[in-house]
Every structure is written in structure tokens, then in C-alpha cells.
Number of protein chains: 2
Amino acid sequence: MKKPTKTQYEARAEVLKAMAHPSRLLIVDELAKGERCVCELTEMIGADVSTVSKHLSLLKNAGIVMDEKRGTQVFYTLRVPCVVNFFSCVEAVLKERARIYLSAVAG
Amino acid sequence: MKKPTKTQYEARAEVLKAMAHPSRLLIVDELAKGERCVCELTEMIGADVSTVSKHLSLLKNAGIVMDEKRGTQVFYTLRVPCVVNFFSCVEAVLKERARIYLSAVAG
DNA sequence: TTCATTCTTGGCAGTTTAGCCAAATAGCCA
DNA sequence: TGGCTATTTGGCTAAACTGCCAAGAATGAA
């Protein structure tokens with residue numbers, strides 16, 4: 001990887017943006033355990049089905065998940081499981097942020 | 001890590017959202033090589049200084065970078081270097097996406 | 001066919017984000 | 001102090017995002 005172009009950064013940003021939403025992170029986290037239908041995810045998230053469906057289609061367009069229709073249900077799975085690894089680093093950032101906050105309070 | 005709460009997913013999303021922008025990805029990529037002042041980053045990005053400054057302050061609030069003022073210049077560094085590791089997985093997603101696209105074209 | 005279920009799509013209102021310019025702030029030097 | 005450079009902040013507009021409801025499409029059962 002030499003020097004990514006502007007377009008490459010845009011493509012990368014698109015992938016990250018697809019994950020940068022609480023409900024979509026919950027979806028990814030849940031799919032890491034195995035396939036789930038839209039109805040199951042909808043119940044977990046507690047939003048309108050149409051909202052969840054749009055989140056899923058966004059993740060699908062980003063290339064992160066894939067879907068498979070079986071009967072009236074649609075099951076989603078992670079297409080690129082490595083995205084789950086983001087969490088540990090994100091947690092590290094959050095810990096760091098807590099540290100900053102505490103040291104600011106302590107003066 | 002048992003079962004992240006809604007608030008935890010929101011915090012995580014905030015971190016990812018901070019990275020989900022082409023210019024901010026470029027910044028992270030560049031800071032991975034070492035500290036840079038605002039002026040250097042501004043030249044690389046090719047946007048108004050004020051715009052770059054806002055991107056940096058966003059990354060800083062997210063806990064991803066930190067700044068140090070020396071003279072009239074402000075130098076930024078990665079506070080949590082592991083974010084650089086996101087790229088390889090993001091690239092995997094992009095490759096997968098290209099594969100989907102090609103198979104769609106091929107029929 | 002008709003009905004019920006599951007999911008997707010269209011459309012709308014409210015909120016957030018991006019990027020520019022202008023103005024304010026901070027540090028350095030004469 | 002005054003001027004110069006580097007950076008941040010405020011304000012504005014345009015664009016993008018979110019979530020709901022309503023409507024449409026697909027499947028299976030009666």
C-alpha cells in the first residue's frame with residue numbers, strides 16, 4: 001500500500017461510516033454470534049422494522065453483511081467478520097477518553 | 001465484556017464516526033508516521049485551515065489524537081495508535097465489495 | 001384466491017454534518 | 001506596542017442522516 005488516493009479514502013470512510021451508528025454496531029455484534037433474521041434484530045434494537053431494514057441495507061451496500069431469504073424471512077450474516085476486531089481498539093479509545101476526563105476533573 | 005448497553009454502543013459509534021471521513025482518515029494515516037502540525041496536514045488535505053482544525057478537534061474530542069502547542073504551531077499525534085489497524089479490515093471489506101460488483105456484472 | 005406475515009421502499013420532518021469566510025486568540029519578534 | 005504567523009471559533013448554507021408512517025412486494029397457508 002503506497003499512498004492511498006482521495007477516492008480510496010472516500011471508499012474507506014464509507015465503510016467506517018456504515019458501522020458508525022449504535023444500532024448498526026449492535027447488529028454487527030449480534031451477527032458475530034451467528035445469522036439472525038430481521039425480526040430478531042428488530043426486537044433487539046427496539047425500533048420500527050423499516051428503520052432496521054434500512055440499517056441492514058446500508059450495511060449490505062457497504063459490503064459488511066450479506067442476506068439470504070428463506071421463506072418469508074431474511075437472514076443476515078457477517079460477510080467480513082474482521083470488523084468485530086474494531087471493538088477492542090474502540091474500547092481502548094474510550095478508556096483513554098475516560099482517563100482524559102478524569103485527569104481534567106482532578107485538575 | 002458481557003452485554004454492551006445502548007449507551008456503550010453510542011459511545012463506540014461516536015469513536016467510529018470520528019474516523020468516518022476521508023480527510024480524517026488521511027490525518028490518521030499521516031499521524032501514524034509521526035507528529036504533524038496543522039499547517040502540514042492542511043496542505044496535504046487541500047482544504048481551508050479552519051476546516052482542518054475542526055476535523056482535528058473532532059478527532060481530539062473522540063480521544064483518538066492529542067495536541068501539543070510549541071510556539072505558534074500545534075502538533076498532533078495519535079493517542080491510540082491501534083486505530084491504524086482498522087485499515088486492513090476495511091480494505092478486506094472493499095475487496096469483498098469489488099467481488100460482489102464483478103459477480104453482479106458477470107451475471 | 002384471499003389473508004396474514006415478513007421485509008423493503010418511498011416520502012416526509014427534524015437533526016446533524018461539512019466547508020467556507022470572517023473574526024478572535026495566541027505566540028514571536030522587532 | 002505593532003505586526004506577522006498559526007490556529008481556533010462563530011456563523012451561515014447546503015447536503016446528508018435518522019426514524020417514523022404508509023404503501024408495496026414476496027411468500028406461505030387456508
Side-chain angles (χ1 to χ4, degrees), chain A residues 6-7 9-28 30-31 35-77 79 100 104, chain B residues 6-7 9-28 30-31 35-77 79 100 104:
Chain A
K6 185 178 174 185
T7 312
Y9 280 118
E10 283 166 3
R12 290 178 178 184
E14 208 180 321
V15 173
L16 287 177
K17 197 153 62 173
M19 295 196 58
H21 186 284
S23 300
R24 296 198 290 268
L25 284 182
L26 193 154
I27 290 172
V28 168
E30 187 64 18
L31 294 186
E35 68 170 19
R36 295 285 187 275
C37 68
V38 178
C39 49
E40 288 172 304
L41 296 170
T42 297
E43 186 172 356
M44 293 195 62
I45 292 173
D48 195 273
V49 202
S50 67
T51 300
V52 174
S53 178
K54 281 179 182 171
H55 282 310
L56 287 165
S57 115
L58 202 153
L59 285 170
K60 181 181 163 186
N61 287 332
I64 297 171
V65 305
M66 55 197 270
D67 59 344
E68 185 190 331
K69 185 161 195 169
R70 292 209 292 277
T72 62
Q73 293 182 308
V74 178
F75 291 87
Y76 280 84
T77 45
R79 183 189 282 274
I100 299 165
Chain B
K6 185 179 174 184
T7 312
Y9 280 118
E10 283 167 2
R12 290 178 178 183
E14 207 180 323
V15 173
L16 286 177
K17 198 154 60 173
M19 295 196 60
H21 186 284
S23 300
R24 296 198 289 269
L25 283 181
L26 193 154
I27 290 171
V28 167
E30 187 63 18
L31 295 185
E35 67 170 21
R36 296 285 186 277
C37 69
V38 178
C39 49
E40 288 172 303
L41 295 169
T42 298
E43 186 172 356
M44 292 196 62
I45 293 173
D48 195 274
V49 203
S50 66
T51 301
V52 176
S53 178
K54 281 179 184 172
H55 281 310
L56 286 165
S57 118
L58 203 153
L59 284 170
K60 182 180 163 188
N61 287 332
I64 297 170
V65 305
M66 53 195 274
D67 60 342
E68 185 190 332
K69 186 161 197 171
R70 291 206 296 275
T72 60
Q73 293 182 307
V74 177
F75 291 87
Y76 280 84
T77 45
R79 182 189 282 274
I100 300 166

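Nucleic acid contact for B:Y76: sugar-phosphate only, since backbone atoms but no base atoms lie under 4.0 Å from a heavy atom of the residue. Residue A:K17 is in sugar-phosphate contact alone, with no base atom involved, counting any heavy-atom pair closer than 4.0 Å across all strands shown.
Between B:E14 atom CD and C:dT16 atom C1' there is a gap of 13 Å when expressed in whole angstrom units. What separates CD of B:E68 from C1' of C:dG27 is a distance of 15 Å, to the nearest Å. Whole-Å rounding puts the A:D48 CG to D:dC17 P distance at 20 Å. Rounded to whole Å, the distance from CD on B:Q73 to P on C:dC28 is 11 Å. Protein atom CG of A:L56 is 11 Å distant from nucleotide atom P of C:dT9, rounded to whole Å. To the nearest angstrom, P of D:dT5 lies 21 Å from CZ of B:R70. Put simply, CZ on B:F75 is 17 Å from C1' on D:dT8, counting in whole angstrom units. Between A:R36 atom CZ and C:dT6 atom C1' the separation is 18 Å, expressed in whole Å.
Judged by the 6.0 Å and 45° rule, B:R70 forms a cation-pi pair with B:F75.
Side-chain contact between B:D48 and B:T42: absent, with no pair of heavy atoms (C-beta onward) separated by less than 4.5 Å. In this structure, the side chains of B:H21 and B:H55 come closer than 4.5 Å at one or more pairs of heavy atoms. The side-chain heavy atoms of B:V38 and B:L56, taken from C-beta on, include a pair separated by under 4.5 Å. Contact of the A:P22 side chain with the B:K6 side chain is not registered, since no non-hydrogen atoms from C-beta on lie closer than 4.5 Å.
Minimum atom distance to the side chain of B:V38 is reached by D:dT8, of the listed C:dC21, C:dT9, D:dT8. In this structure, of D:dT9, C:dT17, D:dC21, it is D:dT9 that holds the atom nearest to the side chain of B:K54. Comparing atom distances between the A:H21 side chain and each of C:dA22, D:dA6, D:dT18 picks out D:dT18 as nearest. The side chain of B:S53 approaches D:dT7 more closely than any other nucleotide in the set D:dT7, D:dG10, C:dC7. Of the candidate nucleotides D:dT9, C:dA26, C:dT6, C:dA26 has the atom nearest to the side chain of B:K69. Listed nucleotides: D:dT8, C:dC20, C:dC7. Nearest to the side chain of A:C39: C:dC7. Closest to the A:T72 side chain, of the nucleotides D:dG19, C:dA18, D:dT27, is D:dT27. Proximity note for A:V74 (side chain, C-beta onward) versus D:dT8, C:dC7, C:dT9: the nearest is C:dC7.
Remark: the B:S50 side chain and the C:dC21 base include a donor-acceptor N/O pair separated by less than 3.5 Å.
Put simply, B:T51 has no side-chain N or O that comes within less than 4.0 Å of OP1 or OP2 on C:dG19. Distances shown here put every side-chain N or O of A:H55 at or beyond 4.0 Å from the OP1 or OP2 atom of D:dC17.
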Please walk me through it: do A:E68 and A:V74 pass side-chain contact (heavy atoms from CB on, under 4.5 Å)?
CA-CA 6 Å; A:E68 185 190 331; A:V74 178; over 6 Å; no
